Peer 1: 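After the structure tokens below, expect a handful of questions from me.
Order of the sequence lines sets the chain letters (A, B, ...), proteins ahead of strands, with each chain counted from 1. Note that the structure is predicted; figures quoted are calculated from it, not measured.
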Amino acid sequence: MDDASIIALYFARDEHAIRETADRFGPACMTNAMRILGCREEAEECVNDTYFELWRTIPPQRPEHLTAFILTIVRHLAMNRIKHKQAKKRGGGSVQLALEELDNILPAEDDVQGQTEKNLTAEAINRFLATLPKDQRIIFLRRYWHFQSAKEIASALGLTESNVRVTLMRLRTKLKEYLEKEDLL
Amino acid sequence: MNSFEFLQKLDGISPEFIEESLGTDISEHAAVPQIFAAVGSAETVRSTDPPDIKAKRGILHTAVSYISLAACLVVAVGAAFLFHNLHGHNTDLLESSTPDPAETTQPLVTVTALQTDLAQQSETTHSTVTYTQITSVVSDAEFTADSSLGTLNITELSADNTLPERTEATDAVISGNETETADTPDEQTETETAAETTVETTAEITTAASETEAPEQTTENTEATTSAPETTHSEPHKQITPGLGDLDGDGLITEADTAILYCTIARESCNGKRFISEELFPRADFNQDGNVTYADQICATRYIALYWYIGYRNLSVEKYIADLNMYNQLYLMSVQDLPPEFGDLWQEAAFVLTINESAVSNTSELTYETRCEESEAALQTVRDEYQNML
């Protein structure tokens with residue numbers, strides 16, 4: 001089933017949409033979640049949350065790029081889980097709980113500022129990526145968006161591992177210079 | 001903006017770029033590690049797999065090894081049973097579990113005859129014997145359960161249809177996990193002993209015999225084992241000291257405990273004085289080998305790494321101590337593919353570990369005070385980093 005048909009199922013509120021999504025995108029979602037979380041059980045939970053989030057957001061949203069849309073949700077949820085786990089690691093229990101409670105009632109001023117900053121950074125990174133040759137852009141995204149290891153990237157793109165590492169190192173330097181120029185660092 | 005926040009902000013990257021990075025086929029990115037796919041495969045552990053999958057693969061590999069051993073034993077008995085029926089006379093093959101070296105030629109000849117019969121009947125190897133045939137002679141399994149001779153012969157039988165004469169060299173080849181001949185007398189002795197006494201190695205004989213190529217991944221595991229500093233062996237259900245490793249009494253095993261452990265060991269070796277109370281001292285023997293040494297600190301540091309950094313929150317100290325070698329390997333494999341957001345943090349953790357290991361090797365020129373200071377500084381950096389990431 002193609003992307004448009006799956007989206008149509010969501011708009012029709014047909015529960016088969018979830019099954020079709022799982023069939024088509026489940027393995028990719030699981031892979032990405034596993035790379036980030038490193039734990040199968042948590043990854044499964046994360047992927048299930050992704051399906052719920054899809055069900056919640058489509059409609060009203062109608063994503064043009066369903067694959068990227070789904071994987072972005074997976075990544076976002078997985079990263080949030082990591083952040084939450086780290087907060088709980090060291091004595092974060094009561095403090096974290098208090099922060100979460102306050103998050104629900106505080107005005108969204110910080111959120112607006114944070115969201116604006118986030119958008120600015122994302123836009124800057126998009127512009128930066130647009131300046132890169134395609135192969136370098138793919139290497140960068142596979143590493144820092146999909147969290148693939150240098151070995152996996154090298155294997156997928158037919159490069160040597162050291163080649164990938166060197167490219168990534170140069171890209172990091174370039175990105176730092178670019179973000180400094182944009183006053184984002 | 002720290003590196004974690006930066007990675008979170010990458011969520012806003014253009015979907016066109018994301019799809020471009022995926023390539024044309026989404027299935028390329030669907031390489032979910034399937035733990036059950038490892039069954040029957042020589043490659044049971046992949047370095048790119050997440051740590052928990054590696055652990056599961058290891059357990060599965062062991063399970064498959066046991067099943068292979070059971071099948072091998074049953075086939076051995078089945079072959080003997082068939083031989084009895086076909087030739088109508090009993091041999092000494094099943095009677096002596098520890099054959100006299102002078103008599104070893106007799107069973108070999110017997111199995112050669114058996115192998116010829118089997119080849120004439122169906123031209124099948126032991127791996128294709130049906131389960132019905134196997135279960136019909138299960139009751140005879142005890143006869144050959146302890147007979148290394150029977151196991152070895154059947155293994156050779158499965159490799160090809162000619163039975164080589166049993167020599168030290170062939171024993172070494174068969175006993176090894178790979179199809180290489182052992183070069184030194186020590187290796188031969190070690191591998192032969194392993195084939196006779198351990199279940200897992202005997203199971204691996206079947207793998208080595210039925211597959212002409214040696215599994216490459218085994219080499220990596222061997223290297224990992226070699227570099228592991230601990231010598232404690234797996235002893236499930238071993239009783240350990242209550243509160244083991246928790247030297248500051250906060251109920252957790254953290255870097256603070258390793259710092260105390262470090263100071264304890266350093267002071268003990270320096271002036272013989274105890275850094276901690278006598279009551280707490282037994283808790284310092286983290287690897288439960290009866291001595292408090294730097295090995296305990298490495299052991300504790302790796303536990304902390306696995307528990308706190310890599311995220312094995314179900315890993316109890318009891319479980320860790322019981323399977324110390326396995327978790328050492330797991331630790332070494334886990335360090336290879338770290339998520340980028342843990343990069344800096346891990347550098348600090350690795351630094352702590354380096355200090356510990358340099359202390360063990362006794363090659364460090366650092367004084368006791370300097371070591372303590374550096375260790376504390378490194379631990380503080382780790383703690384600060386955690387705070388930044390909150």
Peer 1: Within this structure, what is the CD-NE2 distance for the pair B/Glu20 and A/His65, rounded to the nearest 0.5 Å?
Peer 2: 11.5 Å
Peer 1: Counting only non-hydrogen atoms closer than 4.5 Å, does A/Ala43 touch chain B with its backbone (N, CA, C, O), its side chain (CB onward), both, or neither?
Peer 2: neither
Peer 1: So which residues of residues 53-63 of chain A are in contact with chain B at a heavy-atom cut-off of under 4.5 Å?
Peer 2: none
Peer 1: How many angstroms lie between atom CD1 of B/Ile18 and atom CG of A/Leu129, to the nearest 0.5 angstrom?
Peer 2: 10.0 Å
Peer 1: Within a radius of less than 6.0 Å around CZ of A/Arg127, do more than 12 heavy atoms belonging to other residues, nucleotides or ligands occur?
Peer 2: yes
Peer 1: Is it the case that over 12 heavy atoms from other parts of the model lie below 6.0 angstrom from the CD atom of B/Glu16?
Peer 2: yes
Peer 1: Is the number of heavy atoms from other residues, nucleotides or ligands within 6.0 Å of CZ (A/Phe11) greater than 12?
Peer 2: yes
Peer 1: A/Glu161: what forms a salt bridge (charged side-chain N to carboxylate O under 4.0 Å, His left out) with it, not counting sequence neighbours?
Peer 2: A/Arg165
Peer 1: Would you compute the distance between atom CG of A/Leu141 and atom OG of B/Ser14 and round it to the nearest 0.5 angstrom?
Peer 2: 9.5 Å
Peer 1: Could you tell me which residues satisfy ring-ring contact (aromatic ring centres under 6.0 Å, His included) with A/Tyr51, sequence neighbours excluded, listed by chain and number?
Peer 2: none
Peer 1: Using non-hydrogen atoms only, which part of A/Leu132 is less than 4.5 Å away from chain B: side chain, backbone, both, or neither?
Peer 2: neither
Peer 1: For A/Phe69, enumerate each residue passing the ring-ring contact (aromatic ring centres under 6.0 Å, His included) test, keeping only those at least two apart in sequence or located in another chain.
Peer 2: none
Peer 1: A quick test of your reading: do over 12 heavy atoms of other residues, nucleotides or ligands sit less than 6.0 Å from CZ of A/Arg19?
Peer 2: no
Peer 1: Does a sphere of radius 6.0 Å around CG in B/Asn314 hold more than 12 heavy atoms from other residues, nucleotides or ligands, not counting ones at 6.0 Å or beyond?
Peer 2: no
